[in-house]
Amino acid sequence: MEKIEYAAMDVSYILDSLNEQQRNAVASPAQSLLVLAGAGSGKTRVLVHRIAWLLQAEHVSPFSVLAVTFTNKAAREMRGRIEELMEQSFGGMWVGTFHGLAHRLLRSHWQEAGLPEDFHILDADDQLRLIKRINRTLQIDEERWPAKQCQWYINSQKDEGLRADNIEHFDDDYTRTMLDIYKAYEEACDRGGMIDFGEILLRAHELWLKNPQILQHYQQRFQYVLVDEFQDTNTIQYAWLRVLAGAGNQLMVVGDDDQSIYGWRGARIENIQQFGSDFPDSDIVRLEQNYRSTSNILNAANKLIAHNQGRLGKNLWTDGAEGELISLYEAFNEQDEARFIVDRLQDWLNGGNRRSDAAILYRSNAQSRELEEALLRVGMPYRIYGGHRFYERLEIKNALSYLRLLVNRHDDTAVERIINVPTRGIGGKTIDTIRQVAREHNCSLWQACVEAVNQTLLSSRASNAVLAFLQLIDEMSKACEPLELHEKAAYIVKHSGLVQHHEKEGGEKARARIENLEELITATSSFDDPGMDEEEIDVSASTFLAAFLDQASLDAGDTQAEESEDAVQLMTLHSAKGLEFQLVFLTGLEEGLFPHKMSMDNLAGLEEERRLCYVGITRAKNKLYMSYAESRRMHGDVNLCRPSRFIKEVPNELVEEVRLKTTINRSHMPSRGGVALGHKSAHGAEVPETQISLGQRVAHGKFGEGVVLNYEGQGSNARVQVNFDAVGSKWLVMSYAKLEVLG
DNA sequence: TTTTAGACCATTTTT
DNA sequence: TGGTCTAAAA
């Protein structure tokens, strides 16, 4: 790291572009500082400028700065923006995620942390597989205690900083079972030198508590600690921060209690309320000026979130334009909703806007399908955020497992994964035997394979297959020895047989998989180890590969091969946090979907849903559409829906209802408590060449009266879906049904 | 051993 | 509806 002279530098550029509140935060002399940053108030900006201020105005060494975020993307962005602002890079500064930084500590102090030097990281999928295996050996009833639930239990305990030994139990079935599994799981992890995501944080915390001299070293080094998205910290993360900053270090946390949407995975909104009492001399700065949205949108968000209790309170304002009203559309069903959105989108694009400036947001991933189909139908390019991250994909994980075995032959997780992928005749029975051998000899699966072959414990056919596997790995290992990382990856992809394996299954999916494998090679060639200080230069080829594998576990690769085409953005509300768009569609505003039925029976859950809605609304800069459907097909069958309570929590004067063709009054709106379909006249799309339109009440000779929900085709060939009062929904062919149109 | 057919059951997601 | 998982057939 080069020495930097700051002599009498002009520092005004750091403050000049900021408003008063932002400036107060950036130049604060306080020992600890809580910045309550409303949506669109320049939160990241404040963090970036704060660091610049420390470095330049207060002559703080970059080595003394630690900045923590939740995602790698946020960390990269922060570092990038600091470098951009200061036109300089700062290698010695630690900017990273909680997990990334904690992992770095564990790599440096593996001995003190009680880990083997070559420990490796278990991702969620690996973890689940391991738990399943454990449950099988413990003979746990999978029906009664699903592995998913056990995984959830273990992770939430770790989020709370609790190990199996620390957990009080009342000897009930549930806790006893969970603790047994937790213990067995911990043992398995220890034996295999594996740590899961929660363990990374837990170990890093314990590392400090158990090794005061190490803690002291970091406390002395990191005099300035900054935290982004503080409302998302869980118990262990906050504890870790308190330990680090406990020695009088300067701590600045930035967050927004109204945007806390990760309670369900351990985030504690209480941390932000607790901060003041944990750091009694702390200052609070509120960033309340919003630079993003029109005042109509902002007011809608403010009014909505005001329904939550126990907020720290903020009053977001803007001096920007009032903007258009929020448009509300009542669709008949999810198809109608999708059609409507696509129509609006096309209008908007005809006005010369860019597709990537528009986003369609939904509560749950299942909703994307209908929207995709509608977009596909008109040929509008779109991109879906979320879904399977690059490094989590099946084919990638398989390829990585081969690479893992090059580094460490005793990586059981990897062996389990690929021992029969591609299929080479090693089936469940053979693998069981091998596991058995491993348990008896207390050795790794790899060794057990060797043993099983040598001792002829297997049928000759199985034995040959296992031997072939062992030789394949050994040969590849030898061949890869002298190669560069990306050459290793290319070699593995080529010689593992994975490509042929996927080619065989054929289809569109298979092609995508093969492309991904090629993409992996690209990813390795552009990899340069970000986690290394210059002190640690002796990076041998194999540790370089190990570093890549770590990075692959820790960074799921949210840059999933960015395509350059301008496309409409589709994502869940959760993944929309932190983003902004000119035009936003907030879809599926129905009771049971949003707020989701799993979260609406308790106040905490409901309030989190409301915050989610708040996040959604505040993504919009210029124009917001909200929509809901009167009926929605979910998991195959049709449900009738009531409009979300969140709709009526937005003041009427900010909303304009969009009606296609017919205007009707809103007597059936939520205030009445959801008189769903019933006494309403026709509205919306007509079934072509018929007297029927969606939403219309009709009578059938046999089934009685009902409401038209949907249609296919046209004229006498058309089929219509009718929800009958007596017998539920049915599809009928127009020419046979003889439907009578009711007024 | 591998493939396939039926059973089951479904928020939200980062690391 | 579609993805995952177990149990029976090729």
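Every chain is numbered from 1 and lettered A, B, ... according to where its sequence line falls, protein lines coming before strand lines. Values in this document were obtained by computation on a predicted structure and should not be read as measured data. Only heavy atoms go into these numbers, but all of them, side chains included; no hydrogens, no water, no symmetry mates.
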Minimum heavy-atom distance A/P595-A/R645, with the two atoms named: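 Distance-wise, the nearest heavy atoms are CG-NE, 3.9 Å.
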Aromatic ring proximity A/H109/A/W208, centre distance under 6.0 Å: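 When the ring centroids of A/H109 and A/W208 are compared, they turn out to be at least 6.0 Å apart.
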Whole-Å gap separating P (B/dT11) and CG (A/N639):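 So the two atoms are 13 Å apart, to the nearest Å.
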Value in whole Å for how far the P atom of B/dT11 lies from CD of A/E609: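 The distance from CD of A/E609 to P of B/dT11 comes to 12 Å, rounded to the nearest Å.
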All stems with DNA chain B, defined as three or more consecutive Watson-Crick or G-U pairs under 3.5 Å: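 B:1-10 with C:1-10 - these are the stems of 3 or more pairs that involve DNA chain B.
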SB check A/E229 A/K43 (cutoff 4.0 Å):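 Result for this pair is yes, salt bridge flagged.
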Note: A/R611-A/D258 ion pair, threshold 4.0 Å (strictly below):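 Salt bridge between A/R611 and A/D258, a charged N being under 4.0 Å from a carboxylate O: no.
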Heavy-atom side-chain proximity of A/D336 to A/E630 below 4.5 angstrom: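 They are not in side-chain contact.
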Whether A/F594 and A/F646 hold their rings parallel, tilted or perpendicular, with breakpoints at 30° and 60°: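 Judged by the thresholds at 30° and 60°, the geometry between A/F594 and A/F646 is perpendicular.
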Donor-acceptor contact present, side-chain A/R163 to main-chain A/E186, <3.5 Å: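 Checking the backbone N and O of A/E186 against the side chain of A/R163, no donor-acceptor pair under 3.5 Å is found.
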Neighbour count >12 (heavy atoms, 6.0 Å) for atom CZ, A/R461: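 Not buried by this count: 12 neighbours or fewer within 6.0 Å.
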Once you apply a heavy-atom cut-off of 4.0 Å, does [X] come out as touching a base, just sugar-phosphate, or nothing?
X      : value
A/S553 : nothing
A/N365 : sugar-phosphate
A/E392 : base

Protein-to-nucleotide contact annotation, 5' to 3' order, nucleotides 1-10 of chain C [B base; S sugar-phosphate only; - none; under 4.0 Å, heavy atom]: BS--S-----
Check the interface with nucleotides 1-6 of chain B: list each N/O to N/O pair with the protein under 3.5 Å, or write none.
residue	atom	partner	partner atom	Å
B/dT1	OP2	A/T430	OG1	2.1
B/dT2	OP1	A/G425	N	2.9
B/dT2	OP2	A/N420	ND2	3.2

Pair of N/O donor and acceptor under 3.5 Å linking B/dT12 base with A/T572 side chain: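 Check fails, no donor-acceptor contact within cut-off.
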